[in-house]
A.B. asks: 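Got a structure here, written out as structure tokens. Questions coming.
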Amino acid sequence: MHTLCQKENIIYQAFSLLSGNRQALLKSCVTQIAHHYNKTVPQVIYRFAFELGMLPLTGTTDVAHMRDSLDIFDFTLTHDEIETLLALRGLR
């Protein structure tokens with residue numbers, strides 16, 4: 001679906017990035033990336049989605065929590081970090 005959206009110039013809204021990928025979020029490579037940037041795991045995942053051209057949706061109604069989760073614009077993931085996170089796609 002994401003590839004089709006890119007091809008048609010449609011912004012893909014990424015929902016359930018955290019709840020739909022709980023096993024991947026527990027991986028040490030994810031927590032290491034978060035620690036490197038002094039960010040939370042959710043912030044890394046939302047940044048990852050953003051860098052892939054997705055619009056990350058948090059699913060929260062708490063404004064403070066939403067602001068914290070989407071505080072993702074002061075760092076950029078490296079190519080290797082993106083590849084590491086992409087490799088986690090098969091986990092469920």
Side-chain angles (χ1 to χ4, degrees):
M1 181 60 74
H2 178 246
T3 304
L4 175 64
C5 288
Q6 283 183 317
K7 179 181 173 190
E8 298 297 328
N9 201 27
I10 298 169
I11 296 174
Y12 184 88
Q13 294 181 336
F15 191 73
S16 298
L17 288 169
L18 305 178
S19 61
N21 300 292
R22 292 180 197 268
Q23 286 182 322
L25 301 181
L26 299 174
K27 294 292 185 183
S28 64
C29 60
V30 179
T31 57
Q32 287 172 2
I33 293 169
H35 179 69
H36 174 76
Y37 292 105
N38 196 31
K39 293 293 183 178
T40 65
V41 168
Q43 288 169 325
V44 168
I45 300 304
Y46 290 137
R47 180 66 200 193
F48 171 63
F50 180 78
E51 289 191 28
L52 293 180
M54 298 177 194
L55 176 63
L57 303 175
T58 68
T60 185
T61 59
D62 183 296
V63 174
H65 185 243
M66 189 181 308
R67 281 191 186 118
D68 181 56
S69 291
L70 295 178
D71 181 21
I72 62 170
F73 297 105
D74 60 346
F75 73 106
T76 302
L77 298 171
T78 67
H79 174 77
D80 288 343
E81 291 165 339
I82 290 172
E83 290 299 318
T84 296
L85 296 173
L86 282 171
L88 298 174
R89 287 184 291 189
L91 296 177
R92 280 261 152 118

A.B. asks: Taking all heavy atoms of V44 and all of K39, pick out the closest pair and write down the distance.
C.D. replies: CG2-CB, 4.4 Å

A.B. asks: Mind telling me whether F73 and F50 have parallel, tilted or perpendicular rings, with 30° and 60° as the class edges?
C.D. replies: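 The arrangement is perpendicular - the two ring planes meet at more than 60°.
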
A.B. asks: If only atom types and distance count, is the side chain of K27 paired as donor or acceptor with the main-chain N or O of L85 below 3.5 Å?
C.D. replies: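 Looks like no, no N/O pair under 3.5 Å.
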
A.B. asks: Which one of V30, L26, I33 satisfies the side chain to side chain contact (heavy atoms under 4.5 Å, CB included) criterion with V41?
C.D. replies: V30

A.B. asks: With no hydrogens and no angle check, is any side-chain donor or acceptor of T31 less than 3.5 Å from a backbone partner on S28?
C.D. replies: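 At least one qualifying donor-acceptor pair exists.
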
A.B. asks: Above 12 or not: heavy atoms from other molecules or residues under 6.0 Å from CG of D74?
C.D. replies: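 Buried by this count: over 12 neighbours within 6.0 Å.
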
A.B. asks: As a test of understanding, state which of Q32, H36, R47 forms a side chain to side chain contact (heavy atoms under 4.5 Å, CB included) with E81.
C.D. replies: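 Going through the options one by one, the only one that passes is H36.
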
A.B. asks: Mind checking the CD-OH spacing from Q43 to Y37? Nearest 0.5 Å is all I need.
C.D. replies: 13.0 Å

A.B. asks: Minimum heavy-atom separation for I82 and F48, please, with both atom names.
C.D. replies: O-CE1, 3.7 Å

A.B. asks: Would you compute the distance between atom CG of L25 and atom CG of L88 and round it to the nearest 0.5 angstrom?
C.D. replies: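 L25 atom CG to L88 atom CG measures 9.0 Å (nearest 0.5 Å).
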
A.B. asks: Can you measure from CG (L86) to CG (L52) and round to the nearest 0.5 angstrom?
C.D. replies: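 It comes to 5.5 Å.
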
A.B. asks: Tell me whether E51 contacts the main-chain N or O of L77 through its side chain, where contact means a donor paired with an acceptor under 3.5 Å.
C.D. replies: yes

